[in-house]
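Here is the naming used below: chain letters follow the sequence lines, and residue numbers restart at 1 for every chain.
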Amino acid sequence: MKPTFLIFASALALLLFFAALPTPQAPTPAGWPAQTGNSFLLRDVRLFDGEQLRPRTDLLIRDGRIAALGPRLSRPAGVPEYAAAGHTLLPGLIDSHTHSFGDAAAQALRFGVTSEIEMFGDHRRLAAARAQREALDPVSGADLWSAGTLVTARGGHGTQFGLAIPTLDSAADADAFVATRIDEGSDFIKLVLESGHAWGLEQATLDDATLAAAIAAAQARGRLAVVHVGTREEARRAVAAGADGLVHVFADALIDDALRDAMRAADVFVIPTLAVLESAAGGEAGLADDPRLQPWLDPAQAASLARRFPPAAERAAMLSIAQANTRALFEAGIAILAGSDAPNPGTAHGVSLHRELELLVEAGLPNAAALAAASSVPAARFALGERGRIAVGQRADLLLVAGDPLGEIGDSREIVAIWKNGHRVERPRQSGSDAAPATRIDGPEVGRFDTDASGWEATTDRIQGGQSEVRLQAGDGRLAVEADVRAGAPWPWAGAIRMLGAQPMAAVDLSAYSALELDFVSAEPLTLLLFSDAGGMPATLPLPAQPDGGRLRIEFAAAAGFDPRQARAVAVVAGPQPGARRFDLRAAVLR
Amino acid sequence: MSTLIHGTSIHGAALADAAMHDTTSSSIASVGAMLVREIHGELLSAWRMPGFVLPTLLFPALFYTLFALLMPFGGGIHMPTWLLATHGVFGIMAPALFGFGVRVASERGEGWLRLKRVVPLPPPLALAARCTMAMLFALVVFVILASLGALFGEVRLARLDWLLLAAVLVVGTLPFCALGLAFGLWLSPQAAPAVVNLVYLPMAFLSGLAVPLAVFPGWLQTMAIALPPYHLAAIALHVVDARPSEHLLLHAAVLAGFTALCLAIAALGWRRAREG
């Protein structure tokens with residue numbers, strides 16, 4: 001045997017051997033097959049666990065929970081395997097300040113927000129919300145924690161939204177009031193301390209004694225007491241009264257040392273809600289123009305982002321003061337939680353939390369702290385259980401993004417996959433609806449009742465769990481409405497509604513018109529509802545009693561909260577006072 | 001000559017051959033030729049001594065089949081990948097330690113070193129040939145374990161990681177060659193096999209090569225830091241992504257320092273053997 005031949009033959013054999021050794025075959029995100037079930041294995045992902053970064057690890061999800069975390073995990077039989085090198089896995093995001101009605105849960109989930117903490121909303125959904133968040137079922141929306149009905153003074157902030165709510169008027173009632181909220185299912189108690197001064201208003205609000213009594217009542221029952229504040233003085237009063245957290249950062253003045261020290265001593269957390277303050281200050285978040293977000297905005301989200309607070313020069317500095325305060329609080333070691341206050345004008349569920357992250361970083365938080373503010377910190381403060389961190393035993397609420405949000409916070413928008421309870425969240429694009437909407441109006445006449453109901457339908461509070469009933473009868477030039485308004489819903493109503501789009505609540509552009517002219521006969525006052533935001537609150541306008549009928553012109557400009565470019569429906573209803581009512585609608589014409 | 005040196009007659013043939021053809025030249029080419037012939041001789045001797053070769057190669061393979069493939073444990077960790085690294089280290093230690101430790105000692109006892117002194121093959125060249133043999137053994141151990149892991153253990157590594165693991169195991173034999181040499185030059189032929197065995201198995205086990213260190217009590221885990229196989233295994237585990245390490249250079253430095261120490265001890269032993 002010649003040594004040279006031997007050397008060559010061995011070298012060749014070795015080369016072939018190395019060429020034949022198997023390499024990982026897991027598909028990369030682009031090639032991921034559809035996932036069934038809620039078990040999977042993710043390979044080689046950069047992982048932010050809610051507190052710190054692991055540069056590269058595997059993650060095993062079994063039956064909706066994180067089963068193992070570490071390098072080179074073995075793959076149990078039947079569990080699909082995905083390669084995610086170069087991507088970053090985050091805990092499903094938590095928005096700590098929302099109002100979650102309509103499609104909020106699905107809107108949030110579509111942008112990786114897997115839990116929302118609601119600061120005021122209809123308490124009757126809370127039993128269902130609790131059932132959802134305790135199960136590991138596939139769900140179509142984010143989990144919800146809620147304050148339910150907020151605690152405010154008669155005529156105070158929170159009473160203006162058309163939802164009839166009880167108010168707290170004296171310290172002596174505080175304990176019973178809070179107990180009722182908790183019986184209704186409130187996960188925590190939210191109180192309102194808002195003079196309206198920042199908004200040029202003079203509003204009634206809780207006095208110190210009532211505030212302190214309500215906070216004490218909540219805490220005695222093991223619930224958090226968080227306080228809406230508008231000004232630094234209100235923040236000082238809330239902290240002095242024992243608040244656990246502030247759900248906005250004050251933006252009227254820079255924080256002073258005494259307040260900062262008091263907040264640190266009491267371990268008060270703060271949800272700055274910079275996203276809504278940016279909008280209130282007249283800023284432009286640009287979310288609807290971001291190609292990483294825009295295709296997944298549904299019409300309601302797009303409409304909500306397009307809405308604006310009434311302009312006010314004195315609010316222009318709000319955002320910069322709020323960011324300076326946020327930075328000072330963070331540097332003092334005070335816990336910061338990310339919250340958007342969606343769907344206020346200029347904000348929308350899900351997307352606006354990504355803006356909030358950016359604004360927090362802009363304010364001076366390190367990227368990891370901003371991400372923690374939307375994950376581990378709120379999960380700990382609001383005791384969300386098995387959420388907000390990626391660790392063994394935690395629920396598999398996960399967000400996978402391309403790039404590295406710890407280096408560039410905007411990468412949180414590069415969403416590749418979302419998992420809720422270990423199930424992959426379907427994320428269809430919504431932008432098909434950008435095309436001109438089909439309408440059900442073929443001219444200004446939206447109500448002629450010569451032969452039929454002309455597209456008008458019955459509407460009652462039953463869709464919100466109420467008891468009211470209504471009967472419609474059309475013909476001879478009138479739509480006869482027999483409404484029986486019954487107590488049950490927070491704002492009982494019964495009446496008739498005319499959808500404008502081809503699909504229920506699809507938007508129609510009415511900018512060619514400036515007013516609605518109604519002819520109706522009613523012995524009692526009625527309410528006109530103008531819907532321009534699916535799932536959102538309609539604009540409500542009082543209609544006077546007209547026993548003899550007559551044409552009444554309602555200018556769209558006078559309908560605060562109604563956007564004629566995104567009109568969805570008009571409704572004429574009786575309520576909220578219970579009782580049987582009859583009225584006739586004779587004509588409805590756009591002008 | 002062949003009667004003088006028992007079963008390793010081929011050595012003598014190669015050496016005599018080299019001596020006859022090239023008594024004066026010190027050119028690089030002829031050094032290379034001598035090295036190739038010496039390795040050729042080592043290979044042939046290995047081929048004719050299956051009693052040493054087969055157990056050395058098959059033991060790690062058996063070990064790996066048993067603990068990584070037939071009864072893997074370790075919770076969520078992918079044991080075939082983890083043990084490919086640690087059993088690989090275990091597998092390359094034996095040819096280095098025994099090839100040097102036991103053989104050098106016994107050859108010393110047989111007067112082989114005295115013979116080497118009369119032929120013009122520089123001692124470093126003989127050592128280089130034997131090191132190359134140990135590294136070839138390491139490569140074969142890697143090929144066997146990698147084949148088993150890839151075929152039956154679902155071990156999947158990036159192409160570069162396969163190559164790096166092979167390189168770590170091959171280069172990683174050097175510290176154990178040095179240790180074996182020190183043993184071989186200091187121990188008597190009778191004592192060498194016992195002592196090497198006594199060091200080899202406990203050192204491998206306590207370095208976490210058989211089972212992960214995590215199953216040991218804390219003080220035992222801390223002790224592993226003093227053992228060279230622990231550091232080589234740390235590098236190998238990093239390469240296969242089973243246990244990322246932030247101290248790769250430190251591990252490499254420990255191994256280099258250990259090698260230098262063993263070579264110094266071996267040099268003292270060599271001087272003693274020549275004088276004695």
Side-chain angles (χ1 to χ4, degrees), chain A residues 1-28 39-47 53-62 65-79 81-83 85-86 391-393, chain B residues 14 32-33 35-44 47 68 72-85 132 136 139-140 142-147 149-167 170 214 237-246:
Chain A
M1 260 193 302
K2 279 207 166 36
T4 42
F5 170 75
L6 208 84
I7 291 169
F8 272 116
S10 318
L12 188 68
L14 208 58
L15 208 67
L16 289 174
F17 176 73
F18 275 105
L21 282 173
T23 51
Q25 293 302 316
T28 50
S39 299
F40 62 95
L41 177 60
L42 211 55
R43 290 269 187 222
D44 296 331
V45 73
R46 186 190 299 119
L47 185 148
L53 180 75
R54 287 168 180 250
R56 189 173 168 185
T57 184
D58 292 354
L59 181 75
L60 176 66
I61 308 301
R62 297 211 79 172
R65 283 181 207 284
I66 294 157
L69 180 63
R72 289 283 170 203
L73 296 180
S74 63
R75 182 172 65 91
V79 171
E81 178 182 48
Y82 305 126
V392 171
Chain B
L35 189 59
V36 167
R37 284 197 188 131
E38 184 73 3
I39 293 168
H40 189 199
E42 290 276 347
L43 278 172
L44 280 180
W47 179 253
F73 68 101
I77 301 170
H78 191 241
M79 288 312 275
T81 304
W82 181 288
L83 293 180
L84 178 62
T132 311
L136 281 177
L139 199 57
V140 176
F142 167 80
V143 167
I144 293 172
L145 294 191
S147 306
L151 287 174
F152 307 112
E154 219 185 303
V155 175
R156 302 286 180 267
L157 299 182
R159 190 76 62 212
L160 182 68
D161 290 348
W162 281 119
L163 287 166
L164 279 176
L165 179 62
V170 167
L237 285 170
H238 179 87
V239 166
V240 301
D241 283 328
R243 190 182 63 197
S245 168
E246 290 164 10

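- Contact of B/Leu43 with chain A is made through the side chain alone, with heavy-atom distances under 4.5 Å.
- Heavy-atom pairs under 4.5 Å with chain B peak, among A/Asp58, A/Leu73, A/Leu60, A/Thr57, at A/Leu73.
- A pairwise comparison of heavy atoms in A/Pro24 and B/Ala158 identifies CD-N, 3.8 Å as the closest pair.
- Side-chain atoms of A/Arg72 come within 3.5 Å of backbone N or O of B/Val240 as a donor-acceptor pair.
- Residues A/Thr23 and B/Arg156 are not in side-chain contact: their nearest non-hydrogen atoms beyond the backbone lie 4.5 Å or more apart.
- If you tally non-hydrogen atom pairs under 4.5 Å between each of A/Ala68, A/Ala19, A/Pro55 and chain B, the highest count goes to A/Ala19.
- In this structure the side chain of A/Leu14 reaches within 4.5 angstrom of the side chain of B/Leu139, judged on heavy atoms.
- The residue among B/Asp241, B/Leu151, B/Thr81 with the most heavy atom pairs within less than 4.5 Å of chain A is B/Asp241.
- Residues B/Glu154 and A/Arg75 are in side-chain contact: their nearest non-hydrogen atoms beyond the backbone lie under 4.5 Å apart.
- The two residues A/Phe17 and B/Ser147 have their closest heavy-atom pair at CE1-OG, 3.1 Å.
- Side-chain N or O atoms of B/Arg159 include one that pairs as donor or acceptor with a backbone N or O of A/Phe18 at under 3.5 Å.
- Here the closest heavy-atom approach between residue A/Pro71 and residue B/Ala242 is recorded as CG-O, 3.1 Å.
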